[in-house]
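Below: the structure, in structure tokens.
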Protein chains: 2
Amino acid sequence: MSEPRRHERIADELRRAIADGRYPVGAALPSEAELAAAHDASRGTVRQAVAALLAEGLIGSRQGARRVVLSTTPSQSFTELRSFAQWARAGGRTAGGRVLASSWDVAHTDEAGLLQVRHKDPVLRVLRLRTLDSEPVLLERTVYAEWIGSAVEALPEDCESVTQRLYDDTGLVFAHGEHHLDAVAAGTADADHLRLRRGSPLLRVRRTTTTAEGRPVETSDDRYRPGSVVFTVRNSTQTNPLARTHA
Amino acid sequence: MSEPRRHERIADELRRAIADGRYPVGAALPSEAELAAAHDASRGTVRQAVAALLAEGLIGSRQGARRVVLSTTPSQSFTELRSFAQWARAGGRTAGGRVLASSWDVAHTDEAGLLQVRHKDPVLRVLRLRTLDSEPVLLERTVYAEWIGSAVEALPEDCESVTQRLYDDTGLVFAHGEHHLDAVAAGTADADHLRLRRGSPLLRVRRTTTTAEGRPVETSDDRYRPGSVVFTVRNSTQTNPLARTHA
DNA sequence: GCCCGCCACCTGTATGGACAAGCTCGATTC
DNA sequence: GAATCGAGCTTGTCCATACAGGTGGCGGGC
């Protein structure tokens, strides 16, 4: 089961070596020439491989100096991030979920902009509670665009992985996402479903997900019960995916 | 004042075109061949340019299809993210800051790990309040490693940009960062300095910053007053800088 | 009118070569 | 002993080329 793509093979090999501790934090990686010789590849292919680790924030790179290991904790794939169920499974936990409410409505002004539809176009609103090992940790208020809404509505109420089911049923893949993170106080509904007091701090993640072609699929307001989940971002002068914006 | 590096010139040109609305969300970018001809560059150089926009999450790319614009809002440089003062200035606001407390202490177990020093090695603890247009928005509890601590201690109490001063004084550059985001309730001190009630929700960002060589400089617990600041991350199946982890 | 297959176009992967720019470290010098 | 210089190594940039693999649209066949 060898990888077909050479640069991915090299990248995987390096990722494994870093995770295994063969290159601890602060250690220097082999030079491009050495890696090229070891894998019988050209320098360009090796550069493509290390560029992937660079984007993940695992290593740092400066002209003239060997690449340095910055972190040994692996990062997640987008799929794992997008799918609550897949993420839970990867961590050895069991995810649950239940639809609390679901109804068609018209798009609000801001939602219309996020979903790239006209104001007052029909949208499907779904309120979903997610559990981790039977404990409620996340309340999702998701708004789906009309063209995918009917497929979402057809899903069973206790569907574990919406992502997976939508892919199986319609071939839809979530390819891109934009996430806005801040903190809010729990409202009455939040407190009720997440089993905490009104006014308790919640981590709010407002996100919009689109297909590979850039077509918006859903926009969601996710509220995480504190203490159960932490979001992590690695960045550097070379690649910076994180931005701080005025509210 | 033309850019020396070709691929950066091309990337900047595309970024501007996207920001200006010449390529709205959903629009297709010119093909690599067209861009190469327009800029009199090779295809490899063009690919290097679009790879940058891909990492920023501005565009999406699939084999066989033209690249598509996903977002038109520009992302920030790492420097702007790291420096509260520079970020505020870029947004047309004025940043203030005041050191509330500063003292040498011994490293706690977890801090020793983050700063890559021995347990009970000396560290400098600084409590700093940051303001935006004279309003308190952020309380920083920063721990500096011994080797940089003395330089930090020498800074004036109301130093606007610590990042800038440290660079001017010692040539130190913050090159990499790891950020963990979650929500917590305001403690007594938090509530006092940020002028809100105890128990109010705060966005907590625990971060560790290192030099270009990977040497940890500081680790910090930053608490943002809600409503003033939002963190944004863009990601995709191609590049995913964001990770969700168990607390 | 609808479906399907073909084909031009476009991006992904990989190679090989050349030069520029920056870092490290040892040797030389003061 | 400390500062300086330089050679060699390493990464950054750029080019030209070749082929594989996926997309999308056009046109022919049913």
Side-chain angles (χ1 to χ4, degrees), chain A residues 2-14 23 26-55 58-70 171-173 175-176 211-215 236-239, chain B residues 2-12 14 23 26-55 58-70 171 173 175-176 211-215 236-239:
Chain A
S2 74
E3 286 282 344
R5 274 129 25 264
R6 224 133 46 146
H7 68 91
E8 278 198 5
R9 263 186 54 74
I10 301 175
D12 279 348
E13 205 270 338
L14 286 172
Y23 300 112
L29 254 51
S31 75
E32 292 177 1
E34 284 166 0
L35 287 172
H39 292 88
D40 192 34
S42 75
R43 205 186 137 208
T45 305
V46 171
R47 285 183 66 79
Q48 209 173 337
V50 296
L53 304 211
L54 204 68
L58 278 176
I59 62 174
S61 190
R62 299 145 64 207
Q63 186 172 359
R66 300 263 274 232
R67 273 170 259 258
V68 168
V69 176
L70 294 173
L172 175 76
V173 287
H176 308 284
T211 65
E213 303 94 43
R215 177 131 91 127
S236 72
T237 48
Q238 281 124 26
T239 66
Chain B
S2 72
E3 285 281 345
R5 294 177 294 320
R6 214 95 99 110
H7 68 90
E8 278 198 3
R9 262 186 55 75
I10 301 175
D12 280 347
L14 287 173
Y23 300 111
L29 254 52
S31 75
E32 292 177 0
E34 285 166 358
L35 287 173
H39 292 88
D40 191 35
S42 77
R43 209 186 131 205
T45 305
V46 170
R47 284 183 66 79
Q48 209 173 339
V50 295
L53 304 210
L54 203 68
L58 278 176
I59 62 174
S61 190
R62 299 144 64 209
Q63 185 173 358
R66 298 271 265 244
R67 273 169 259 258
V68 167
V69 176
L70 294 174
V173 287
H176 309 284
T211 66
E213 303 95 43
R215 176 131 90 131
S236 73
T237 47
Q238 281 125 25
T239 65

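Keep in mind the model is a prediction, meaning the values are calculated, not measured. So that the names make sense, note that chain A is the first sequence line, chain B the second, and so on, each numbered from 1.
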(message) What I'd like to find out is whether the side chain of B:Leu14 reaches to under 4.5 Å of the side chain of B:Leu35, using heavy atoms alone.
(response) yes
Phosphate OP1/OP2 of [N] contacted by [X] side-chain N/O (<4.0 Å):
{"X": "B:Thr45", "N": "D:dC15", "result": "yes"}
{"X": "A:Ser61", "N": "D:dG12", "result": "yes"}
{"X": "B:Arg67", "N": "D:dT23", "result": "no"}
{"X": "A:Arg62", "N": "D:dT11", "result": "no"}
{"X": "B:Arg5", "N": "D:dT13", "result": "yes"}

(request) Scan B:Ala41 against the nucleic acid and name what it touches under 4.0 Å (heavy atoms): base, sugar-phosphate only, or nothing. (result) sugar-phosphate
(message) Mind checking if A:Arg47 touches a base, just sugar-phosphate, or nothing, with heavy atoms under 4.0 Å?
(response) base
Partners meeting side chain to side chain contact (heavy atoms under 4.5 Å, CB included) with [X] (sequence neighbours left out):
{"X": "A:Leu172", "answer": "A:Trp147, A:Ile148, A:Leu166, A:Thr170, A:Phe174, A:Thr211, A:Val217"}
{"X": "B:Ser61", "answer": "B:Leu54, B:Arg67"}
{"X": "A:Ala36", "answer": "A:Val46"}
{"X": "B:Ala11", "answer": "B:Arg15, B:Ala49, B:Leu53"}

(message) Test of understanding: with salt bridge (charged side-chain N to carboxylate O under 4.0 Å, His left out), list the residues that count as partners of A:Arg66, not counting sequence neighbours.
(response) A:Glu34
(request) Please list, chain by chain and in numerical order, all residues satisfying salt bridge (charged side-chain N to carboxylate O under 4.0 Å, His left out) with A:Arg47, sequence neighbours excluded. (result) A:Glu32
(message) The criterion is side chain to side chain donor-acceptor pair (under 3.5 Å); which residues satisfy it with A:Ser42, sequence neighbours excluded?
(response) A:Thr45
Set out, line by line, the N/O atom pairs under 3.5 Å between protein and nucleotides 18-20 of chain D.
| from | atom 1 | to | atom 2 | distance (Å) |
| --- | --- | --- | --- | --- |
| D:dA18 | N6 | B:Arg43 | NH1 | 3.4 |

(message) If you assign B:Arg66 and B:Glu213 each to the DNA chain C nucleotide with the nearest heavy atom, which residue ends up on the more 5' nucleotide?
(response) B:Arg66
(message) Heavy-atom nearest nucleotide on DNA chain C for A:Gly64 versus A:His7: which residue maps closer to 5'?
(response) A:His7
(message) Please identify the 5'-most and 3'-most nucleotides of DNA chain C with any atom under 4.0 angstrom from a heavy atom of chain A.
(response) C:dT13 to C:dT24
(request) Mind running side-chain contact (heavy atoms from CB on, under 4.5 Å) on A:Val69 and A:Leu29 for me, showing each step along the way? (result) CA-CA 7 Å; A:Val69 176; A:Leu29 254 51; 3.5 Å; yes
(message) From CG of A:Leu53 over to C1' of D:dT11, roughly how many Å is that when rounded to an integer?
(response) 15 Å
